[in-house]
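To start, the structure itself, in structure tokens.
To find a chain, count down the sequence lines: A is the first, B the second, and so on, and within it residues start at 1.
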There are 2 protein chains.
Amino acid sequence: MSYATQVIAASLRAARTAKGLSQRDLSALAGIPQAQISRIEAGTVDPRVTSLIAMANALDLELTLVPRKAVPAVKSIVRQSGGQADPTRGPSQKEITRIAETLSRLQVAMPNLDGVMRLQKTFADLQRFQLPTIEPETLRALRKALERIEVPSFQIEALTRSQDAMQKLRNQLAHQPFVPPEDASPRPAYSLDEDDA
Amino acid sequence: MSYATQVIAASLRAARTAKGLSQRDLSALAGIPQAQISRIEAGTVDPRVTSLIAMANALDLELTLVPRKAVPAVKSIVRQSGGQADPTRGPSQKEITRIAETLSRLQVAMPNLDGVMRLQKTFADLQRFQLPTIEPETLRALRKALERIEVPSFQIEALTRSQDAMQKLRNQLAHQPFVPPEDASPRPAYSLDEDDA
DNA sequence: TATCATGATGCACAATTCTACATCGTCCAG
DNA sequence: CTGGACGATGTAGAATTGTGCATCATGATA
């Protein structure tokens, strides 16, 4: 397939995962068999336009024709508004709620360990910001670390690991555009640097 | 076919004609049989993505995915830059050169008729501006009128018609954005009003 | 009138998508 | 380790595009 085709396919997959949808979810939304979606995303087929449009629409996207000379401008616009999709849903969302669960469970299970309380607090703090835009791996790592605290023999080691993970999270948030909790702020165009689809 | 498909098809046709290309021209550029281009533009088939991309590329367009919420912004950008395509080529270009030809031919054939000289002058004047963006019909009308001047029995009537046509041209240019001869000026976004694809 | 360019359409055949269903390997959770 | 979710892949058959070639109708031109 052509390069441009691959780009579109990749964009569709990115959009889907960004929304936390499985291929089967999208299949239901777009009315296209999961197998076909897999093939399209993988770029092993040359899809019909209706297929693309069905998928795009299901993902709140539109297939448009843009003059070459306008492409850069359009891209920067797309970054601003389309960059992080819905702030609420996302692939990391599951992780986040699970972390919250584990954390509160820990808190009631061992109210004496004050390290846990600190973690709880800082996490509750962070949670009000950009967490859904963090890579799921990072979140997974944090959760894993937290879960090991429940195993007595690993408590101290697991606690420091948890604090490390939490620190990492903080760092990631640190050099992000920093978008305040609610309402989309303008956010200057010159702060954009990323460049995927 | 879906509505969105029709829109894309129509856009492609618009882009092609805007560039003054025939389906056979595009066929050569895009490597797709003319018959197929006809069917695609007519919306009687559900094209493969590669076909769309081939056509788009040949027309200096790109097929992109745009988040729904960013669509309005993108559209306005596209208007600004994509609005009038290449200033040099266009469907009206042929007419323009032909007008120039007829006009200079007239000028040498009948140097005594000073009305012709005035037309010549004002046209040469206008030609340095936005002529390619004028509808071909208007230009055709002007040319037709000019050609009839060569027929003696119609001279006076044809001359006034020509002046009318020239006037119409002037008017059209009058309430256009007025872009000076060279280098794209910023042109404020609030002056946009058109709204097709 | 005759010619030419353009776009639309028909037809047969090859090529490929699309569908439905099944299945498989992996990762993760209970 | 058993089960579930997920994505990838296979297969057979139906549906449709894509191609090549021919043709036609129209409008403009000489």
Can you tell me how far the CG atom of B:Leu52 sits from the CG atom of B:Leu61, to the nearest 0.5 Å?
11.0 Å

Spacing of CD1 belonging to A:Ile8 relative to OG belonging to A:Ser2, to within rounding of 0.5 Å
8.0 Å

Residue met sooner reading DNA chain D from 5', once B:Val49 and B:Arg24 are mapped to nucleotides:
B:Val49

Assign each of A:Glu41 and B:Pro33 the nucleotide of DNA chain D bearing its closest heavy atom; nearer the 5' end lies the nucleotide of A:Glu41

Base, sugar-phosphate, or nothing: which does A:Ser22 touch, judged by heavy atoms less than 4.0 Å apart?
sugar-phosphate

Counting any heavy atom closer than 4.0 Å, what does A:Ala42 reach on the DNA or RNA strands: base, sugar-phosphate only, or nothing?
nothing

Among [options], which nucleotide has an atom closest to any side-chain atom of [X]?
| X | options | value |
| --- | --- | --- |
| A:Asp46 | C:dT17, D:dT23, C:dT23 | C:dT17 |
| B:Gln36 | D:dT23, D:dC6, D:dG18 | D:dG18 |
| B:Ala35 | C:dG10, C:dG7, C:dT19 | C:dG10 |
| B:Val45 | C:dT19, D:dG18, D:dA8 | D:dG18 |

Just the rounded figure in Å: distance from [atom2] of [N] to [atom1] of [X].
| X | N | atom1 | atom2 | answer |
| --- | --- | --- | --- | --- |
| B:Ile37 | C:dT6 | CD1 | P | 13 Å |
| A:Ile40 | D:dT9 | CD1 | P | 14 Å |
| A:Gln23 | D:dT9 | CD | C1' | 12 Å |

Taking NZ, NE, NH1 and NH2 as the nitrogens, is one of them in B:Arg16 or B:Asp25 under 4.0 Å from a carboxylate oxygen of the other?
no

Could you tell me whether A:Asp60 and A:Lys19 have a side-chain N and a carboxylate O separated by less than 4.0 Å?
yes

Distance-only donor-acceptor test (3.5 Å): side chain [X], base [N]:
| X | N | answer |
| --- | --- | --- |
| B:Arg48 | D:dG18 | no |
| A:Arg39 | D:dG10 | yes |
| B:Gln34 | C:dA8 | yes |

Side chains of B:Thr64 and A:Thr64: donor-acceptor distance under 3.5 Å anywhere?
yes

Would you say a side-chain N or O of [X] is under 4.0 Å from OP1 or OP2 of [N]?
| X | N | value |
| --- | --- | --- |
| A:Arg16 | D:dC6 | no |
| B:Ser51 | D:dG18 | yes |
| A:Arg13 | D:dA8 | yes |

